[in-house]
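Report on the following structure.
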Amino acid sequence: MSTTQSERLRGLLEPLVSARDLDLEEVEVTPAGKRRVLRIVVDSDDGVQLDACAELSRAISQTLDDTDVMGQHPYVLEVTSPGADRPLTEPRHYRRAAGRLIKARLAEGGELVARITAVDDEGLDVEVPGVKGRRPTARRLAFDEISKARVEIEFNRKPAEKAAGESDESKEEA
């Protein structure tokens, strides 16, 4: 049974990442001229600090130097956290986006823009903003009802909305 380079890399790197209480989100090898770029994306419920990326990068570099998984061709190693435009594909992604506005493409068709208010193992509760003076409405979405979702970047969110979202998050942590 043959395994791909990405699968071998994931198997090699997963213990290094999880030992630091991080999740290995993505392993990607792409050509870049005469070199390749090995991009490792990690995340956690508390976010990822720059120092954690630097420490992990050194550990990964040492591990890769000790193995032949990257072969003899030169490569550049990047260890990073996911960007704001990363698709939400796992329950933990939705949990980490609690309080944020998302745009979801529904499996049954259509799109929905809503704020995540709660997440559990089966799905999420959202608040759909009211239109033309109407009140927001609550809705429940199971994960299998969502075919694609991303966080919507908000530049003009009102301070009261931020405080309400943050207080809900702090209640969940308590």
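Below, all heavy atoms of this structure are taken into account, side chains as well, without hydrogens, waters or symmetry copies.
- Side-chain heavy-atom separations under 4.5 angstrom define the hydrophobic clusters, and the remaining members of the one that includes Ile40 are Leu9, Leu12, Leu13, Leu16, Val17, Leu22, Leu24, Val27, Val29, Leu38, Val42, Val48, Leu56, Ile60, Leu64, Val69, Met70, Tyr75, Leu77, Val79.
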Candidate pair Glu127 and Leu101, rule side-chain contact (heavy atoms from CB on, under 4.5 Å), full reasoning: CA-CA 9 Å; Glu127 181 178 84; Leu101 195 66; over 6 Å; no

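- For Asp45, the side chain to side chain donor-acceptor pair (under 3.5 Å) partners are Arg95, Arg96, not counting sequence neighbours.
- Under the 4.5 Å side-chain criterion, counting only non-hydrogen atoms from C-beta, Val119 is in contact with Phe143.
- In terms of the side chain to side chain contact (heavy atoms under 4.5 Å, CB included) criterion, Gln72 has no residue partners (sequence neighbours excluded).
- Partners of Arg10 under the salt bridge (charged side-chain N to carboxylate O under 4.0 Å, His left out) rule, at least two apart in sequence or in another chain, are Glu14.
- Looking only at side-chain heavy atoms (C-beta outward), Arg92 and Glu25 come within less than 4.5 Å of each other.
- In this structure, the separation between CD1 on Ile102 and NZ on Lys148 is 13.5 Å, given to the nearest 0.5 Å.
- In this structure, Val41 is not a member of the same hydrophobic cluster as Leu88, with clusters built from ILVMFWY side-chain heavy atoms closer than 4.5 Å.
- Side-chain N or O atoms of Tyr94 include none that pairs as donor or acceptor with a backbone N or O of Gly123 at under 3.5 Å.
- Annotation: the span from Glu145 atom CD to Arg139 atom CZ amounts to 6.5 Å, rounded to 0.5 Å.
- In terms of the side chain to side chain donor-acceptor pair (under 3.5 Å) criterion, residue partners of Asp66 (sequence neighbours excluded) are, by chain and number, Gln62.
- Residue pairs meeting the side chain to side chain donor-acceptor pair (under 3.5 Å) criterion with at least one partner in residues 31-41, sequence neighbours excluded, are Arg39-Glu78.
- When side chains are defined from C-beta on, Ile146 counts as touching Leu124, because their heavy atoms get closer than 4.5 Å.
- Checked by atom type and distance alone, the side chain of Ser18 never pairs as donor or acceptor with a backbone atom of Asp21 at under 3.5 Å.
- The heavy-atom pair separating Ser81 from Cys53 by the smallest distance is N-SG, 4.4 Å.
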